[in-house]
Amino acid sequence: MKNNYKDLSIQELTAEESKLRSELFNLTFQNKVGQLADTSRIRIVKKNIARVKTALNQKKIAGAKE
């Protein structure tokens, strides 16, 4: 499921990025320990982090142009 990050504010995007990074840390840890059943979740979270960072970058560029 793709989230629509373009509608969020910069503060909401940074909070979402922080949440996703902590989730990625937990998933990676579970994978290393051998407790993670669905390893594809790691890939999904990484892609969502990239989406959030892209939306953040676009907002910062748009703010600099104004």
Side-chain angles (χ1 to χ4, degrees):
M1 176 182 95
K2 292 183 182 178
N3 292 328
N4 194 1
Y5 294 117
K6 293 180 182 179
D7 298 335
L8 299 177
S9 69
I10 292 178
Q11 292 83 13
E12 292 171 330
L13 286 170
T14 54
E16 183 70 19
E17 182 183 6
S18 175
K19 185 186 81 152
L20 288 170
R21 285 191 180 276
S22 66
E23 182 180 357
L24 178 63
F25 174 79
N26 290 333
L27 289 172
T28 306
F29 185 74
Q30 288 175 3
N31 190 32
K32 297 292 181 184
V33 176
Q35 295 178 347
L36 187 62
D38 185 19
T39 57
S40 66
R41 182 77 183 128
I42 293 174
R43 178 195 245 183
I44 293 168
V45 171
K46 283 182 179 181
K47 286 185 179 185
N48 284 337
I49 290 171
R51 287 184 183 109
V52 167
K53 289 181 77 169
T54 301
L56 258 172
N57 195 22
Q58 288 174 347
K59 288 201 182 272
K60 287 180 181 176
I61 289 172
K65 286 185 180 178
E66 293 177 356

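Not measured: the values here are computed from a predicted model.
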Quiz item: Are Asn48 and Val52 side-chain neighbours, meaning at least one heavy-atom pair lies under 4.5 Å?
Solution: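 Asn48 does not reach Val52 side chain to side chain.
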Quiz item: Hey, does Tyr5 have a side-chain heavy atom less than 4.5 Å from the side chain of Leu56?
Solution: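 When only atoms from C-beta onward are counted, Tyr5 and Leu56 do not touch, as no gap falls below 4.5 Å.
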Self-check item: Distance-minimising heavy-atom pair for Asn4 and Asp7
Solution: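 Between these two residues, the closest heavy atoms are ND2-OD2, 3.0 Å.
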Self-check item: Separation between CD1 of Ile49 and NZ of Lys53, rounded to the nearest 0.5 Å
Solution: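 Answer for the CD1-NZ pair, Ile49 versus Lys53, is 8.5 Å.
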Quiz prompt | Inter-residue atom distance Asn31.CG - Asp38.CG, 0.5 Å rounding | solution =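 Reported to 0.5 Å precision, the distance equals 10.5 Å.
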Quiz item: When you measure from the side chain of Thr54 to the backbone N and O of Ala50, does any donor-acceptor pair fall under 3.5 Å?
Solution: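 Looks like yes, one N/O pair under 3.5 Å.
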Distance-only criterion, 3.5 Å: show the donor-acceptor pairs between side-chain atoms of residues 22-30 and protein atoms not counting sequence neighbours.
{"from": "Ser22", "atom 1": "OG", "to": "Lys19", "atom 2": "O", "distance (Å)": "2.8"}
{"from": "Glu23", "atom 1": "OE2", "to": "Arg41", "atom 2": "NE", "distance (Å)": "3.2"}
{"from": "Glu23", "atom 1": "OE2", "to": "Arg41", "atom 2": "NH2", "distance (Å)": "2.6"}
{"from": "Asn26", "atom 1": "ND2", "to": "Ser22", "atom 2": "O", "distance (Å)": "3.3"}
{"from": "Thr28", "atom 1": "OG1", "to": "Leu24", "atom 2": "O", "distance (Å)": "2.7"}

